[in-house]
Structure formats: structure tokens, C-alpha cells
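Residues: numbered from 1 along the sequence shown. Just so you know, these numbers use all the heavy atoms, side chains as well, and skip hydrogens, waters and symmetry mates.
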Amino acid sequence: MDIDYVCAHAGRPATAVTRRDVARALLAVPSGVALVALPDLRRAMMSAGNPLSLPFWDSAKATLGSIEAGLATVGDVQRWVESTGTEPILMTPSYFVWPEEDERGPVAAEMFDHMVAFLEERVRAGEIDPDALARGEHAARRAYEELQEHWLATPLPDGRVPGFAVSDEQDEELFAALDEEEAFALSELRRIVGDLPKAPDLPVVELELAAARLRGLLDLPGYPANVLRACAGFDERPVPDDDMELWLTVAAGVAGPVSDLSEEGDAPEEFADLERELSHEDTALANLCAIQHADWLAAVAALARLGPGVLASPERVARLIAESDDIDTDEQDDDDLDATEGLFASVVSLWSYLGIVDAGEVLTALGWWGLPKALERAWSPRG
């Protein structure tokens with residue numbers, strides 16, 4: 001750990017090395033090694049004509065000492081690197097978050113490098129005071145945050161807005177990962193259904209009765225009609241005339257909600273009140289969206305194999321998921337089971353309105369026939 005190591009790590013000559021470069025190099029080796037090397041490194045930097053500053057070296061010694069003693073948190077270390085004056089803030093006050101270094105896509109990596117270069121220019125221009133940051137001065141930190149917030153929201157010469165460009169890339173990566181997960185889950189569902197010894201027959205009478213009840217229910221205000229309409233996307237398109245199409249659309253929407261609750265009639269002050277409790281319908285829709293593909297697959301596969309007459313309560317569904325051989329699951333403790341049960345409480349409640357389970361939360365013939373079909377529809381690419 002010497003000046004040659006720092007230069008190689010930073011990819012710059014000693015005369016151009018920044019406080020951030022030194023900090024990152026020091027953190028790349030064991031803290032004890034870095035502490036021992038610190039005095040010689042400081043002398044070497046002075047000899048190279050790039051002495052940095054006393055507040056920086058003092059902050060480096062204090063931070064490394066805290067790491068070596070096991071007292072420093074990840075946040076402490078991150079804030080120290082940020083205090084070098086050229087390290088982008090990991091999470092800004094407006095909650096923009098940079099991806100971790102090993103998780104940055106090409107756009108995020110490019111924008112991060114642009115930000116570092118921008119901050120280096122501001123340090124050279126005297127607009128950022130790294131020594132004030134190293135001393136923990138609140139005004140300097142706030143100015144540093146505001147400078148980065150402004151840069152993230154300002155278009156580059158090519159028209160891209162850095163903050164939006166990074167967020168858009170992350171969204172694309174997330175959607176691609178979800179699409180891949182969904183496609184795999186769909187193939188597994190089809191395999192499992194194809195291996196069933198007997199395909200369920202369509203219970204025509206039960207379907208007609210359930211569809212008739214559903215049509216009447218969807219015209220009503222409040223829960224559960226508003227959640228079922230959102231799940232199926234009926235706030236934005238007409239209700240199908242065909243009974244099977246109606247029922248499968250709503251049942252598929254429970255597994256993969258198409259839209260959010262309508263905001264018509266909501267008061268603006270409700271959105272401004274961050275402390276307010278979620279409504280029953282908001283909680284139900286949030287629970288549906290929180291269920292993973294693997295859990296849906298495990299639950300529906302187990303019910304399809306067991307057939308009508310099996311208990312499908314939230315507690316039983318949670319247990320079926322935990323014991324499933326269709327998905328890779330870690331050992332579930334009581335907290336995990338309670339969390340899964342809580343999510344599926346919303347599901348089973350909505351299933352009861354569709355006739356998938358009866359009043360005793362027992363799987364019906366309609367549920368046995370329709371659940372795999374509804375899940376397949378929810379996971380099939382939409383045209």
C-alpha cells in the first residue's frame with residue numbers, strides 16, 4: 001500500500017490523484033494495512049506536489065481507526081468517501097439512489113463518471129470545499145447535496161437528464177428481469193398442469209352463477225368491487241359479455257393486477273398525508289402486487305394437484321408454499337409464514353367473491369378448473 005498502488009488503483013499520476021482516489025485505495029486494502037501505510041503515503045503525496053490537506057488526512061486516520069476497531073458503520077464509511085468532495089452521494093435528499101458499483105448498467109456507469117468529473121471541476125473552481133466536508137460542516141454538506149441534485153435534474157448536451165436516464169435504465173432492467181421470471185414461471189405452470197392425471201372439467205353452472213354474481217358486484221361502489229375492477233382493468237375498458245372471459249379476466253387480474261385504484265373522488269390532501277393509514281382496498285392491492293411469481297406457482301400448483309374440497313385458507317396456502325417442491329425455498333420460520341399468510345389473506349378474500357373458494361375457504365370445482373387457467377392468462381404476454 002503505497003503511492004504507486006494508489007496511482008494504479010485510480011488510473012492517474014500522483015499529481016492528479018484526488019482525495020476520493022486516495023480514500024478508495026485506502027478502503028481497498030485491510031484497514032490495518034491502510035493505517036500503517038498512511039504516514040508514508042502522506043509524505044509521498046507531499047513529495048509529488050499533491051499534499052491534499054490536513055483535514056483529509058485526519059479524517060482518513062479517524063475513519064480507518066474506527067473501521068479497525070469495528071465501530072464504523074457502512075453509512076459512516078460512505079459519508080467519509082462522500083466528504084472527499086468528488087464522490088457522488090449514494091442517496092440524495094430527494095431519494096435518488098445510485099446503484100451499487102457492481103450493479104450499474106452502462107448508462108448508470110456513464111452518468112456516475114460524468115458526475116465525478118463534474119464534481120472535480122467544481123472542486124478546482126473552488127465551488128466545493130472538501131475540507132469543510134471533512135470537518136462535517138452542515139452548510140457545506142447541504143450545498144454539496146444541492147449541487148448534485150441540480151446536476152441530476154439538468155439536461156446534458158445530448159438532451160438526456162442524468163437522474164431520469166439512470167432511473168429509466170434501472171426500470172428497464174427490472175422489467176426485463178420480471179419478464180424472464182414470469183416466462184419461467186409460466187413454463188413451469190404449463191409443465192405441472194400437463195402432468196396432472198386428470199384435467200378438470202368446466203363446471204358450466206357454477207361458472208354462470210359466479211359470472212352473474214360478479215356482474216352485479218362490479219357495479220357497486222367500494223370494496224371489493226373497486227379492487228376487482230382495478231385488477232381486471234375494467235376502469236379503462238368495458239366488461240366482457242362472455243361469462244368465461246369475464247371470470248378469467250378478473251381471476252387473472254387478482255394474480256397480476258392490470259391497473260391501480262381509480263383516483264376519482266380522492267381528496268388531494270389525502271396524498272399529502274404520508275402518515276395516514278392505507279385503506280382496506282389499498283392494502284389489498286398492495287398485497288396482491290407483493291406476491292412473488294414463485295409463491296403463486298407453488299400455491300396454484302398445490303391446489304391443482306389436491307383438487308376441490310381441499311382447504312385453501314390463507315394459513316393453509318402459506319403452508320403449501322413453504323412445503324412446495326416446485327420452487328426453491330429457504331427454510332421458513334414463523335415470521336415468514338405469517339408474512340405469506342398476510343399477503344394471501346387478501347387473495348383468498350377476493351377468491352371468495354369469484355367462487356374459487358366457498359364460505360369455508362374450501363377450494364371449489366370452479367376454482368380447481370379456473371385457477372391454473374387464470375394464472376396462465378396473467379403470465380402470458382399481452383398483445
**Study point:** Residues that, via side-chain heavy atoms closer than 4.5 angstrom, fall in one hydrophobic cluster with Leu209
**Key:** Val205

Exercise for review: Using the test side chain to side chain donor-acceptor pair (under 3.5 Å), find all partners of Glu110 that sit at least two apart in sequence or belong to another chain.
Suggested key: His114, Arg160

Point to revise | Chi angles and distances behind the side-chain contact (heavy atoms from CB on, under 4.5 Å) call for Val107, Asp168 | key: CA-CA 9 Å; Val107 174; Asp168 288 346; over 6 Å; no

Check your understanding: Is there a side-chain contact (heavy atoms from CB on, under 4.5 Å) between Leu152 and Val166 once you walk through the steps?
Key -> CA-CA 10 Å; Leu152 286 166; Val166 174; 6.0 Å; no

Check your understanding: If you draw a 6.0 Å radius around CD in Glu149, do more than 12 non-hydrogen atoms from other residues or ligands fall strictly inside?
Key -> yes

Check your understanding: Okay, side chain of Arg122, backbone of Ile128: is any donor-acceptor separation there less than 3.5 Å?
Key -> no

Review point. Which residue pairs pass the side-chain hydrogen bond (donor to acceptor under 3.5 Å, both in side chains) test when at least one of the two sits in residues 211-224, sequence neighbours left out?
Key: Arg215-Asp243, Tyr223-Ser349

Point to revise | Glu137 (side chain) donor-acceptor with Ala132 (main chain) under 3.5 angstrom | key: no

Exercise for review: Report yes if the side chains of Leu350 and Pro224 come closer than 4.5 Å at any heavy-atom pair, otherwise no.
Suggested key: yes

Exercise for review: Could you tell me whether Arg305 and Asp326 have a side-chain N and a carboxylate O separated by less than 4.0 Å?
Suggested key: yes

Point to revise | Derivation of the side chain to side chain donor-acceptor pair (under 3.5 Å) call for Ser53 and Asp131 | key: CA-CA 7 Å; Ser53 69; Asp131 289 347; 2.5 Å; yes

Practice item. Could you walk me through whether Leu218 and Phe234 pass side-chain contact (heavy atoms from CB on, under 4.5 Å), step by step? Key: CA-CA 9 Å; Leu218 290 172; Phe234 289 158; 3.9 Å; yes

Check your understanding: Taking atom CZ of Arg319 as the centre, does the number of heavy atoms from other residues, nucleotides or ligands within less than 6.0 Å exceed 12?
Key -> no

Review point. Hey, does Pro314 have a side-chain heavy atom less than 4.5 Å from the side chain of Glu361?
Key: yes

Study note, to complete from the structure: Closest heavy-atom pair, Ser83 versus Leu133, reported as atoms and distance to 0.1 Å, is O-CB, 3.4 Å

**Study point:** Check: Ala10 main-chain N/O paired with Asp21 side-chain donor or acceptor under 3.5 Å
**Key:** no

Point to revise | side chain to side chain donor-acceptor pair (under 3.5 Å) evaluation trace for Thr249 with Arg377 | key: CA-CA 8 Å; Thr249 299; Arg377 174 177 289 219; 3.2 Å; yes

Practice item. Give the other cluster members for Tyr95, using side-chain heavy-atom distances under 4.5 Å between Ile, Leu, Val, Met, Phe, Trp and Tyr residues; answer none if it is isolated. Key: Met91, Val97

**Study point:** Cluster check Val123, Leu54: I/L/V/M/F/W/Y, side chain < 4.5 angstrom
**Key:** no

Review point. Within a strict 4.5 Å, meaning less than it, do heavy atoms of the Asp2 and Asp40 side chains meet?
Key: no

Review point. Are Glu82 and Arg79 ion-paired here, with the side-chain N under 4.0 Å from a carboxylate O?
Key: no

Practice item. Taking the side chain as every heavy atom from C-beta outward, state whether Gln148 and Leu119 have any pair of such atoms under 4.5 Å apart. Key: yes

**Study point:** Flag side-chain contact, heavy atom, 4.5 Å: Glu87 against Phe112
**Key:** yes

Review point. Where is the tightest heavy-atom contact between Trp368 and Lys198, given as atom of each residue plus distance?
Key: CZ2-O, 4.2 Å

Review point. Within a strict 4.5 Å, meaning less than it, do heavy atoms of the Ile291 and Val347 side chains meet?
Key: yes

Review point. Do Arg142 and Pro93 have side chains that get closer than 4.5 Å, going by heavy atoms?
Key: yes

Exercise for review: Test side-chain contact (heavy atoms from CB on, under 4.5 Å) on Asp358 and Leu363 and set out the steps.
Suggested key: CA-CA 7 Å; Asp358 62 19; Leu363 183 69; over 6 Å; no

Practice item. Treating Ile, Leu, Val, Met, Phe, Trp and Tyr as nodes and any side-chain heavy-atom pair under 4.5 angstrom as an edge, say whether Leu371 and Val362 lie in one connected cluster. Key: no

Practice item. Kindly determine whether Arg141 and Asp129 satisfy salt bridge (Lys or Arg N to Asp or Glu O under 4.0 Å), including the steps that lead there. Key: CA-CA 9 Å; Arg141 173 74 184 192; Asp129 184 353; over 6 Å; no

Check your understanding: Going through the distances and angles, do Thr86 and Glu120 end up as a side chain to side chain donor-acceptor pair (under 3.5 Å)?
Key -> CA-CA 6 Å; Thr86 56; Glu120 289 178 351; 4.9 Å; no

Exercise for review: Linking directly or through intermediates, with side-chain heavy atoms under 4.5 Å: list the remaining ILVMFWY members grouped with Val161, chain and number order.
Suggested key: Phe164

Review point. Can you get from Val348 to Leu311 by hopping between Ile, Leu, Val, Met, Phe, Trp and Tyr side chains that sit under 4.5 Å apart?
Key: no

Check your understanding: Is Leu220 reachable from Leu285 through a run of I, L, V, M, F, W or Y residues, each pair having side-chain heavy atoms under 4.5 Å apart?
Key -> yes

Exercise for review: Kindly compute the distance separating CZ (Arg20) from OG1 (Thr84), expressed to the nearest 0.5 Å.
Suggested key: 7.0 Å

Check your understanding: Between Ser346 and Thr283, which heavy-atom pair has the shortest distance, and what is it?
Key -> OG-O, 4.5 Å

Practice item. Check the hydrophobic clustering (I, L, V, M, F, W, Y; side-chain heavy atoms under 4.5 Å; chains of links allowed) and say if Ile356 and Val310 are grouped together. Key: yes

Practice item. Could you tell me whether Phe344 and Trp296 have their ring centroids closer than 6.0 angstrom? Key: yes

Check your understanding: Can you find a pair of side-chain heavy atoms, one from Trp151 and one from Leu156, that are under 4.5 Å apart?
Key -> yes

Exercise for review: Step through the shown structure and confirm whether more than 12 heavy atoms of other residues, nucleotides or ligands are within 6.0 Å of CG on Asp242.
Suggested key: yes

Exercise for review: Inspect the contact between Lys373 and Glu376 and indicate whether a charged nitrogen and a carboxylate oxygen are less than 4.0 angstrom apart.
Suggested key: no

Check your understanding: Which heavy-atom pair separates Ala185 from His293 by the least distance, and what is that distance?
Key -> CB-CB, 4.1 Å

Review point. Taking the hydrophobic residues Ile, Leu, Val, Met, Phe, Trp and Tyr, and joining any pair whose side-chain heavy atoms are under 4.5 Å apart, which ones share a cluster with Tyr5?
Key: Met1, Ile3, Val6, Val17, Val22, Leu26, Leu27, Val29, Val33, Leu35, Leu38, Leu41, Met45, Leu52, Phe56, Trp57, Leu64, Ile67, Val77, Trp80, Val81

**Study point:** Over all atoms of both residues, closest heavy-atom pair of Glu173 and Gly105
**Key:** OE2-CA, 3.6 Å

